[in-house]
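As structure tokens, the structure follows; a few thoughts come after it.
Reminder, nothing fancy here: chain letters follow the sequence lines and each chain counts from 1. The analysis underlying the following values was restricted to heavy atoms, covering all of them including side chains, and did not include hydrogens, waters or symmetry mates.
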Amino acid sequence: MLRIAERVAFRVGGVMKSIELEKVYNPKEFEGKIYSAWVDSGCFKPVDKGGEPFTVVMPPPNVTGILHMGHALNNMLQDTLIRYHRMTGRPTLWVPGTDHAGIATQNVVERQLAREGLKRQDLGREKFLERTWEVKERHHDIIVKQLKTIGCSCDWSRERFTMDEGLSRAVKETFVTLYNRGLVYKGEYLVNYCPHCGTALADDEVEHQTDAGHLWHVNYPFADGTVFNGKNYITVATTRPETMFGDVAVAVNPDDERYKSIVGKKLILPLVNREIPIIADSFVGIEFGTGMVKITPAHDPNDWECGKRHGLEAINILNPDGTLNDVCPTEFRGLPAEEARFRVADALSDGGFLLKTEDYTHEVGHCYRCGTTVEPYLSKQWFVKMKPLAEKALSAWRAGEVRFYPKRWENTYSSWLENIRDWCISRQLWWGHRIPVWYCQKCGHMNVSVDEVHECESCGSTDLKQDPDVLDTWFSSWLWPFSTLGWPDETSDMKRFFPTSALVTAYDIIFFWVSRMIMASLEFTGKAPFRDIYITGLVRDKQGRKMSKSLGNGIDPIEVVELYGSDAMKFTLCYLAAQGQDVLIDMDSFRLGSRFANKIWNATRFLLMNLEGRNLVPVERESLSVFDKWIYDSLNRNIMTVRHAVENYKFNEAAAAIYDFFWNDFCDWYVEIAKQRLRSGDDAECDRLASILMDILRESMAMMHPFLSFVTEEIWSRLPGTEGFVISSSYPVWREEREAPAERSLVESLQSIVRSVRGIRAEMGLPADVKMRLVVRLDRKGEVAEFVKSNKNLLGTLAGSGEILVDDEGTADVAGAFPASGAGYEVFAFVRDVVNVEKEIPRLEKELKKAEDDLAATLRKLSNPAFLSGAKAEAVEKERRKQAEFEEKISKARAHIEVLKSF
RNA sequence: GGCGAUGUAGCUCAGCGGGAGAGCCCCUGCCUUACACGCAGGUUGUCGCAGGUUCAAACCCUGCCGUCGUCACCA
């Protein structure tokens with residue numbers, strides 16, 4: 001990268017020298033250096049030029065590990081947005097940060113300890129937390145390094161961590177405020193409990209899987225010897241016989257005619273000989289199983305609700321570690337539930353209580369962090385009352401304050417909010433925000449306070465104990481968009497950058513995170529935290545499978561950078577990131593971006609080589625040739641396409657437009673044409689052309705910068721006439737004066753002729769050194785004819801032909817020449833000796849057939865009175881034009897076939 | 001079971017009311033004064049199936065089939 005001073009010297013030096021670029025595009029040479037230069041010059045910080053700010057807060061990666069491809073996709077798309085908006089002149093802020101990821105991080109540390117044969121209790125809370133902070137620091141450093149490696153232009157001076165002092169204060173503030181508003185409460189409820197992690201989980205932290213299990217049919221005898229249907233017992237079916245020790249009733253549906261007579265009777269619970277009643281409750285399905293359900297309020301959510309309705313006791317049969325407790329008969333105490341299940345079944349069988357055992361697959365909840373089967377478990381926990389919060393989030397969405405891209409995710413969002421249940425926020429973990437509640441050991445009062453309490457506010461006792469639990473990790477994440485900007489303080493960042501503009505995240509955390517952020521933000525700031533929500537697809541392998549450690553199909557983003565460079569990765573991901581679509585990739589996919597970056601590099605190299613002896617001049621619109629106007633028109637169109645695409649989160653459309661413009665229009669046509677013009681020997685013309693080439697190249701770099709940040713910056717630094725960094729330059733704008741439809745049409749005609757001639761060459765297999773004599777017959781006189789005539793040399797170069805006659809009178813002798821045709825022209829190549837008639841006639845016949853089919857379709861429409869009266873005028877007009885075109889094609893093709901047959 | 005997505009060239013996918021597209025792959029020539037990570041040319045499709053709406057449907061509607069994702073307390 002050249003320093004700015006050197007570049008200025010190029011500019012004022014008058015006559016240019018050739019600027020040499022290394023022969024090979026080697027991103028490793030400059031990506032690191034450029035990133036440092038950006039950071040050093042502070043260009044990731046917002047610059048206030050007066051416009052409306054554009055703000056994004058980065059979804060904070062968990063400090064449990066390192067970044068995967070999903071993070072790379074996410075952050076690279078954000079970077080593209082950020083760079084684009086920054087270049088449009090808006091004060092642009094991207095806030096980076098990381099998440100402490102409570103349970104996940106704690107698990108990482110506990111796994112480490114386990115390898116040393118230790119448990120967290122062996123270390124004690126303080127030592128354990130020290131160790132966790134070390135893990136956090138280590139992963140944090142790796143994550144930051146990775147984000148820098150992939151080029152994220154976030155403002156590192158504003159980096160945050162969910163357990164920072166400021167954010168911790170925000171968490172406490174939130175908890176206390178919600179408590180005071182009656183939206184946080186403590187209560188004894190049946191919660192999801194992971195015996196492995198030793199903590200309660202929220203409903204959405206439970207993943208349901210289909211597990212193979214059994215359905216045991218167990219007989220419960222009547223207590224009073226009642227005989228019912230010829231038996232002195234009834235049968236219930238259960239998937240979890242071990243929970244029978246917690247049974248307090250058997251329920252039937254009140255409308256179940258079969259059992260009306262036995263409701264109220266007592267049964268004997270086998271193995272423990274406890275009496276339980278038969279009750280009627282409408283939640284019982286008449287159709288399912290025997291129509292009888294054992295009721296275990298402490299271990300099943302339905303039974304819990306049912307028990308509450310009937311005032312039944314909840315008997316907890318489990319220890320916190322998932323083993324059976326002292327309520328159970330001695331022989332089962334201490335056994336893990338899973339093992340106890342079979343032992344109890346055996347015991348039931350031995351006692352003659354087991355009627356039968358069936359195989360049964362059903363949905364079972366598992367911990368989303370460790371995969372252990374989750375137990376419904378009765379315990380005292382803290383909850384957030386969600387309904388009032390959800391209402392606000394729903395109305396904000398209905399009012400259009402948040403918008404999803406793609407829109408369909410709104411269903412996911414709204415249906416979750418509409419069916420919301422209270423959120424269990426206490427976790428029996430050590431890593432996280434300690435619940436800001438102090439229990440008075442004397443009077444039992446709960447002191448809820450942001451600041452540490454030393455004296456009970458009720459009785460004044462100093463004997464206080466803080467709640468040992470911590471808060472769910474999402475209880476800090478849901479504040480992220482404003483806690484990172486300094487809330488609850490009224491900071492200048494809050495005033496300036498909140499609410500933020502866009503959120504980019506994956507769909508798997510819409511519930512966990514997106515909707516909760518909206519709820520928290522509305523509750524505490526009164527505003528939606530962001531306007532646009534762009535939901536990315538998931539990164540998958542080429543077979544469409546999720547990338548995972550266990551499958552070993554993951555791709556390390558850093559390896560991609562090593563192999564292809566950050567630009568190649570970002571461009572490829574953008575190119576593949578169709579809105580709402582998953583991104584299927586393998587390592588080779590990134591060759592797309594790599595090839596493109598290489599193309600840009602080499603095109604630049606070529607153009608810079610040609611600066612030798614040139615004197616760069618201002619580009620005057622009036623002096624532009626048809627080709628010049630055409631390329632500016634192309635650039636102009638693409639600028640509009642890209643701007644529109646980025647502003648609507650259509651990254652793939654933007655990337656495709658860039659690719660198409662730079663590779664096809666610019667390199668394959670404009671630069672190829674320029675090559676010939678540069679050989680003219682006319683210094684003034686060459687100076688002008690070199691200036692235009694530099695102009696287009698410079699503007700292209702700016703246009704492409706959000707997508708290929710490093711290579712465009714590197715090239716920018718080598719181009720004459722550039723100042724500063726491209727990252728801080730202005731995004732190109734569409735300009736009306738650049739529109740050139742007439743010139744576009746002329747160039748397209750010429751392109752079409754060139755392609756026809758090339759087609760003939762290729763079909764004939766003509767060696768490069770054989771120059772064909774050509775007649776180009778134009779159907780109409782006028783501009784096109786003049787244009788082709790004045791570009792005969794160019795046509796010859798591009799198409800590889802010798803002497804060319806442009807015939808707009810239709811008089812040239814073309815006897816024996818090989819024909820080809822397109823709209824408005826025919827070309828005749830004098831290549832009789834090498835024509836392969838056998839091969840060519842079928843090809844032309846195929847063309848003819850296609851044209852005939854097209855014509856037939858067009859005629860069908862035009863002969864349909866309904867079409868003529870019902871269709872828009874333009875549509876009818878277009879069909880007429882098509883008719884003429886197809887007829888022309890047909891007549892030419894027929895003639896050409898005759899010509900060939902005569903050979 | 002509810003909801004949603006998706007089915008277009010061998011592969012990955014754009015297009016979403018008026019002439020079937022891209023990239024990769026494949027085939028044929030070319031190391032043409034940047035790029036073989038290249039240049040030029042070419043092949044390839046009952047646009048899942050069946051109905052309907054419309055002058056016109058890959059595109060809108062309905063049903064079906066396939067695939068995937070999500071939510072859901074049925075013992």
Side-chain angles (χ1 to χ4, degrees), chain A residues 21 23-25 204 208 215 236-240 243 251 283-285 287-296 300-305 360 362-363 365 376 406 408-409 411-412 415-416 419 507-508 510-511 538 542 544 564 568 575-576 578 580-586 588-589 591-592 594-610 650 652-653 656 659-660 667-668 671-672 675 679 754-755 758-769 797-800 843 854 857-858 860-861 864-872 874-876 878-879 881-882 885-886:
Chain A
L21 232 50
K23 181 152 185 7
V24 181
Y25 162 67
D204 45 21
H208 292 271
L215 199 55
V236 294
T238 178
T239 54
R240 304 183 56 198
T243 63
F283 96 90
V284 181
E287 312 294 323
F288 191 88
T290 59
M292 291 191 163
V293 192
K294 64 197 236 358
I295 301 298
T296 322
D300 181 277
N302 282 319
D303 297 5
W304 167 254
E305 293 298 327
Y360 188 68
H362 56 147
E363 293 289 309
R408 71 183 138 91
W409 291 111
N411 288 331
T412 308
S415 65
W416 187 75
N419 300 303
Y507 54 72
D508 50 357
I510 291 178
F511 307 131
L538 260 31
K542 281 271 173 153
Y564 297 115
Y575 193 91
L576 297 175
Q581 284 301 123
D582 287 345
V583 176
L584 276 65
I585 46 160
D586 60 19
D588 280 349
S589 305
R591 282 170 51 202
L592 169 72
S594 177
R595 281 171 54 249
F596 187 47
N598 182 63
K599 186 75 185 177
I600 295 169
W601 182 263
N602 276 294
T604 305
R605 192 160 84 91
F606 174 71
L607 296 179
L608 293 182
M609 270 168 22
N610 278 288
K650 307 231 168 149
N652 60 323
E653 287 180 14
Y659 187 94
D660 187 49
C667 290
D668 288 348
V671 174
E672 287 306 313
K675 277 181 183 172
R679 280 183 225 124
V754 168
R755 286 198 187 98
R758 282 171 176 171
I760 296 172
R761 289 196 70 91
E763 290 296 329
M764 299 303 125
L766 279 192
D769 53 345
T797 309
L798 294 176
R843 194 176 68 88
D854 288 343
T858 296
R860 259 199 307 281
K861 286 187 190 172
N864 181 354
F867 172 71
L868 295 174
S869 59
K872 284 177 294 189
E874 310 96 84
V876 177
K878 189 167 182 197
E879 288 306 312
R881 278 203 307 276
K882 276 157 69 177
E885 183 190 324
F886 297 145

Original post:
A:Leu798 and A:Arg758: side chain to side chain contact (heavy atoms under 4.5 Å, CB included), yes or no, with the steps?
Top reply: CA-CA 8 Å; A:Leu798 294 176; A:Arg758 282 171 176 171; 4.2 Å; yes
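Ranking B:G69, B:A22, B:G18 by closeness to the A:Lys882 side chain, first place goes to B:G18. Closest to the side chain of A:Lys872, out of B:G18, B:G4, B:A14, is B:G18. Between B:U6, B:G4, B:G23, one nucleotide has an atom nearer to the side chain of A:Tyr575 than all others, and that is B:G23. Taking the side chain of A:Asn652 as heavy atoms from C-beta on, and the options B:A14, B:G4, B:A22, the nearest nucleotide is B:A14. For A:Arg605, the side-chain atoms get nearest to B:A34 when compared with the rest of B:A34, B:G18, B:G69. Out of B:A34, B:G18, B:G4, the shortest distance to the side chain of A:Val671 is found at B:A34.
Residues forming a salt bridge (Lys or Arg N to Asp or Glu O under 4.0 Å) with A:Glu305 (at least two apart in sequence, or on another chain): none. Listed by chain and residue number, A:His362 satisfy the ring pair (Phe, Tyr, Trp, His ring centres under 6.0 Å) test with A:Tyr360 (two or more places apart in sequence, or in another chain). By the side-chain hydrogen bond (donor to acceptor under 3.5 Å, both in side chains) test, A:Arg605 pairs with A:Asn602, sequence neighbours left out.
Taking the nucleotide of RNA chain B with the nearest heavy atom to each of A:Asp854 and A:Lys650, the more 5' of the two is matched to A:Lys650. Nearer to the 5' terminus of RNA chain B, by closest-nucleotide assignment, is the contact made by A:Val583 (compared with the other of A:Phe511 and A:Val583).
Closest non-hydrogen pair, A:Val876 versus A:Ala871, comes out as CG2-CB, 4.1 Å. Summarising the geometry of A:Asp303 relative to A:Lys294, their closest heavy-atom pair is OD2-O, 3.2 Å, with the distance given to 0.1 Å. When all heavy atoms of A:Ala799 and A:Arg761 are compared, the closest pair comes out as O-CD, 3.1 Å. A:Ser594 and A:Tyr25 make their closest contact through O-CE2, 4.3 Å (heavy atoms, listed as atom of the first residue, atom of the second, distance). For A:Arg240 against A:Pro376, the heavy-atom pair with the smallest separation is NH1-CD, 3.8 Å.
Separating the CZ atom of A:Arg591 from the P atom of B:U12 is a distance of 17 Å, rounded to the nearest angstrom. B:A75 atom P lies 12 Å from atom NZ of A:Lys294, rounded to whole Å. Between the P atom of B:C24 and the CG atom of A:Asp586 lies a distance of 14 Å, rounded to the nearest Å. Straight-line distance from the CG atom of A:Asp588 to the C1' atom of B:C24: 10 Å, rounded to whole Å. What separates CG of A:Leu607 from P of B:A34 is a distance of 11 Å, to the nearest Å. Regarding A:Gln581, its CD atom lies at a distance of 7 Å from the P atom of B:C13, rounded to whole Å. Distance, A:Leu538 CG to B:C68 P: 15 Å, rounded to whole Å. Here the P atom of nucleotide B:A36 and the CG atom of A:Asn598 are 8 Å apart, to the nearest Å.
Spacing between B:C39 and B:C47 at atom P, rounded to whole Å, works out to 32 Å. Annotation: B:G48 and B:U12 have their P atoms spaced 15 Å apart (nearest Å). The same atom, P, is picked in B:G63 and in B:G1; the two are 16 Å apart, to the nearest Å. Using C1' as the reference atom, B:C13 and B:G18 are 24 Å apart when rounded to the nearest Å. One P atom belongs to B:U6, the other to B:G42, and the distance between them is 34 Å to the nearest Å. Between B:C64 and B:U28, the distance separating the two C1' atoms is 45 Å to the nearest Å. For the P atom pair drawn from B:G66 and B:C49, the interatomic distance equals 15 Å after rounding to whole Å. B:G2 and B:C60 have their P atoms separated by 23 Å, with the value rounded to a whole Å.
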Between protein and nucleic acid, restricted to nucleotides 8-10 of chain B and to nitrogen or oxygen atoms under 3.5 Å apart, what atom pairs and distances do you find?
none

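A:Glu885 comes within 4.0 angstrom of a nucleotide base, judged by non-hydrogen atoms across all strands. Within 4.0 Å (heavy atoms only), A:Val236 reaches no atom of the nucleic acid at all. A:Tyr25 comes within contact range of no nucleotide atom at all, as no heavy-atom separation falls under 4.0 Å. A:Ser594 comes within contact range of at least one nucleobase, with a heavy-atom separation under 4.0 Å. Nucleic acid contact class of A:Asn864 (heavy atoms, under 4.0 Å, all strands): sugar-phosphate only. Nucleic acid contact class of A:Glu672 (heavy atoms, under 4.0 Å, all strands): base. Across all strands, A:Ala603 comes closer than 4.0 Å to base atoms (heavy-atom distances). As judged by a 4.0 angstrom heavy-atom cut-off over every strand, A:Phe596 is placed among residues making no nucleic acid contact.
In secondary-structure terms, RNA chain B builds stems of at least 3 consecutive Watson-Crick or G-U pairs, each pair having both distances under 3.5 Å, at B:1-7 with B:65-71, B:10-13 with B:21-24, B:26-30 with B:38-42, B:48-52 with B:60-64.
With hydrogens and angles ignored, no donor-acceptor pair under 3.5 angstrom links the side chain of A:Glu653 to the base of B:A22. Applying the 3.5 Å distance criterion, the base of B:A34 shares a donor-acceptor pair with the side chain of A:Lys675.
To the nearest 0.5 Å, atoms CG (A:Leu607) and NZ (A:Lys675) are separated by 9.5 Å. Rounding to the nearest 0.5 angstrom, the gap separating the CG atom in A:Leu215 from the OG1 atom in A:Thr238 is 7.5 Å. Here the CZ atom belonging to A:Phe867 is positioned 9.0 Å from the OG1 atom belonging to A:Thr858, to the nearest 0.5 angstrom.
Salt bridge annotation for A:Glu879-A:Lys882: present, with a cationic side-chain nitrogen under 4.0 angstrom from a carboxylate oxygen.
Using a distance-only test at 3.5 Å, with no hydrogens or angles considered, a donor-acceptor pair links the side chain of A:Asp586 to the main chain of A:Ser589.
Note: A:Trp409 and A:Tyr507 have parallel aromatic rings, judged against thresholds of 30 and 60 degrees for the angle between ring planes.
An OP1 or OP2 oxygen of B:A75 is reached within less than 4.0 angstrom by a side-chain nitrogen or oxygen of A:Tyr360.
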Original post:
How does each nucleotide of nucleotides 39-44 of chain B score, in 5' to 3' order, for protein heavy atoms under 4.0 Å: base (B), sugar-phosphate only (S), or none (-)?
Top reply: SSSSSS
